[in-house]
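Report on one structure; see the data block that follows.
Per chain, numbering begins at 1; letters A, B, ... match sequence-line order.
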There are 2 protein chains.
Amino acid sequence: MSGAASQVQGDLDRLLPILDAALTRPFCHGEAVRLGEAARYSLEAGGKRVRPVLCMLACEAVGGSFEAALPGALALEYVHTYSLIHDDLPAMDDDDLRRGRPTNHMVFGEGHAILAGDALLTEAFHVLAAADLDPVKRAEALTLLAESAGWRGMAGGQALDLEGETLTTYDLDHLRLIHRLKTGALLRASLEIGAVLGGAVPAERAALRAYGEAIGLAFQIQDDILDATATDAVLGKRAGKDVGRSKITYPSLLGLEGARKALNEATETALCHLASLPIQNSLAAWAQYLAQRAK
Amino acid sequence: MSGAASQVQGDLDRLLPILDAALTRPFCHGEAVRLGEAARYSLEAGGKRVRPVLCMLACEAVGGSFEAALPGALALEYVHTYSLIHDDLPAMDDDDLRRGRPTNHMVFGEGHAILAGDALLTEAFHVLAAADLDPVKRAEALTLLAESAGWRGMAGGQALDLEGETLTTYDLDHLRLIHRLKTGALLRASLEIGAVLGGAVPAERAALRAYGEAIGLAFQIQDDILDATATDAVLGKRAGKDVGRSKITYPSLLGLEGARKALNEATETALCHLASLPIQNSLAAWAQYLAQRAK
């Protein structure tokens with residue numbers, strides 16, 4: 001195992017048990033039993049937990065404890081999970097497989113899948129609003145989360161992505177815009193929320209935001225490369241969907257080699273931005289890991 | 001015009017211009033143009049604006065200015081509008097007409113309708129998180145909003161309502177549970193958020209919460225009665241849908257006369273809870289108006 005991979009594994013071993021134990025808690029005791037099951041089904045599917053882990057590592061990178069970032073970490077995973085459920089719906093990307101299991105609407109029906117997404121999105125704001133946090137930090141974290149998830153962020157990016165399937169011409173600028181909104185905004189917010197909850201000074205917060213921007217780009221390029229090159233069994237979701245639907249991707253615009261070059265550049269940019277932080281090793285390892293991941 | 005109706009009209013004339021001017025503002029300048037249009041389409045469809053108006057009146061009823069409640073009022077209308085868009089989807093209630101116009105997905109497609117709902121729900125939390133409010137009041141308002149909209153509130157109630165269509169037996173307790181979650185929770189929160197933002201003392205807040213609970217029940221009973229008795233043209237949406245789908249309603253369980261009796265009782269309960277408040281006339285008029293409304 002490389003140094004980066006073993007650092008990442010160490011962080012996962014340390015952080016995931018705490019995160020996973022807390023994630024499904026809000027959906028365990030309530031009256032809408034079936035909807036709670038639907039929310040837990042997607043939360044329990046696992047996945048890489050990239051956003052919450054990066055949030056907690058960003059908090060540590062500026063000298064905070066990872067526990068201080070836990071409400072933000074949970075909120076980010078709720079938002080991410082809701083977005084997967086809604087993106088998989090027949091009216092959107094129409095996927096039947098996610099994280100190696102049938103998608104939420106295949107198991108619970110479309111109505112409950114829509115509502116499970118809605119409930120997860122709402123719980124994201126609840127867990128932050130009700131947390132025992134400094135009021136100013138809480139308001140900043142909530143604002144960052146809402147900005148990154150909403151019309152000017154992820155939801156807007158998904159809409160542009162849907163529209164892109166019917167465009168006859170598109171270019172790299174439009175692709176970058178879509179990814180900046182659809183994937184980049186929430187990843188960047190993951191780092192910035194961790195920074196805020198860890199009590200970062202402005203320069204540290206800006207550095208983590210820039211790091212988040214760069215790994216967000218790298219993450220998306222690698223996603224596109226994997227869709228073009230990997231198999232269903234490795235990804236745990238349908239591979240080759242982008243090509244099948246003539247979707248705009250980095251490999252389709254730049255070729256595979258061009259996409260790999262852009263991925264390396266984005267990763268280098270991410271690493272540069274870490275230089276000013278008190279603690280860098282975990283986030284550096286994650287930047288390398290995300291660029292090299294096989295699924 | 002009765003005294004109640006003219007009081008309600010006066011409140012609407014005073015409050016709606018300010019509310020309507022602010023509602024669409026977050027969806028005017030951004031990159032996801034079509035999604036912004038979809039959000040504005042449903043916000044501009046009008047409707048009764050019951051939740052934001054009640055929020056501002058609750059704020060005034062405890063001595064606050066209605067402007068202090070504006071961020072809460074906007075948030076409530078965003079949540080309500082998102083819920084209408086998602087409830088109208090083919091996988092949920094499958095409605096093609098709402099407020100006298102084609103529903104959001106009929107105009108913008110299902111994908112954009114789902115995302116417009118998501119963006120509106122997210123903006124609800126953004127407008128409150130980013131508002132210039134006392135931090136403690138802001139956190140309380142955000143928590144109330146999330147609790148009332150999420151799994152233990154509106155979203156959970158909509159799930160139970162969907163499931164109810166396939167139940168072979170149901171009773172009044174189950175119907176009350178669905179309505180308490182689906183309609184009641186957000187109406188109650190409208191009053192309680194207004195109370196919090198107006199600086200209510202605990203007894204005032206509890207009174208407004210109880211008033212909200214009672215008019216929430218009255219509102220739903222009247223909704224069911226109207227669905228059973230009014231026409232499409234009057235309602236601006238499809239009438240008679242509940243009967244057509246054997247949906248559980250107050251008239252189907254209690255008969256029309258029984259439902260009207262329950263409506264009157266709930267309205268009387270609401271009026272009783274106003275007795276301890278410094279200013280009562282507007283909220284008293286609204287309780288009567290909501291019970292007598294023809295659409």
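B/Arg34 contributes no side-chain N or O that, together with a main-chain N or O of A/Leu160, makes up a donor-acceptor pair within less than 3.5 Å. Distance alone, capped at 3.5 Å, is enough to place a donor-acceptor pair between the B/Trp151 side chain and the A/Ala32 backbone.
Contact annotation for A/Ile178: neither backbone nor side-chain heavy atoms come within less than 4.5 Å of a heavy atom of chain B. Contacts of A/Phe27 with chain B are made by both backbone and side-chain atoms, with heavy-atom separations under 4.5 Å. Heavy atoms of B/Leu35 lying under 4.5 Å from chain A belong to its backbone as well as its side chain. Neither the backbone nor the side chain of A/Pro90 comes within less than 4.5 Å of any heavy atom in chain B. Only the side chain of A/Leu181 comes within less than 4.5 Å of a heavy atom of chain B; its backbone N, CA, C and O stay farther away. When heavy atoms are compared at a cutoff of 4.5 Å, A/Leu177 approaches chain B solely by way of its side chain, counted from C-beta outward. For a residue to count as touching a neighbouring chain, one of its non-hydrogen atoms must lie under 4.5 Å from one of that chain's; by this rule B/Glu123 does not touch chain A.
Put simply, the side chain of A/Asp118 reaches to within 4.5 Å of the side chain of B/Asp118, judged on heavy atoms.
Pairing each heavy atom of A/Gly30 with each of B/Arg152, the nearest pair is CA-NE, 4.4 Å. Between B/Ala129 and A/Leu142, the shortest heavy-atom contact is CB-CB, 3.7 Å.
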Side-chain donor-acceptor pairs under 3.5 Å in residues 108-115 of chain B, sequence neighbours left out?
unit_1	atom_1	unit_2	atom_2	d
B/His112	NE2	A/Glu163	OE2	2.5

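Interface summary for chain B: among A/Ala141, A/Ala131, A/Gly157, A/Ala155, the most heavy-atom pairs under 4.5 angstrom belong to A/Ala155. Between chain A and the residues B/Gln158, B/His126, B/His105, the largest count of heavy-atom pairs under 4.5 Å involves B/His126.
Annotation: the span from B/Met154 atom CE to A/Thr122 atom OG1 amounts to 7.0 Å, rounded to 0.5 Å. Taking CG from A/Leu121 and OH from B/Tyr82, the interatomic distance works out to 7.5 Å, rounded to the nearest 0.5 Å.
Within the structure, the side-chain hydrogen bond (donor to acceptor under 3.5 Å, both in side chains) test picks out the following pairs touching residues 129-141 of chain B (sequence neighbours left out): B/Glu140-B/Arg205.
A salt bridge links A/Arg180 with B/Glu31: the distance from a Lys NZ or Arg NE/NH1/NH2 to an Asp or Glu carboxylate oxygen falls below 4.0 Å.
A/Phe125 and B/Phe125 have parallel rings, their planes meeting at less than 30° on a 0 to 90° scale where 60° marks the start of perpendicular.
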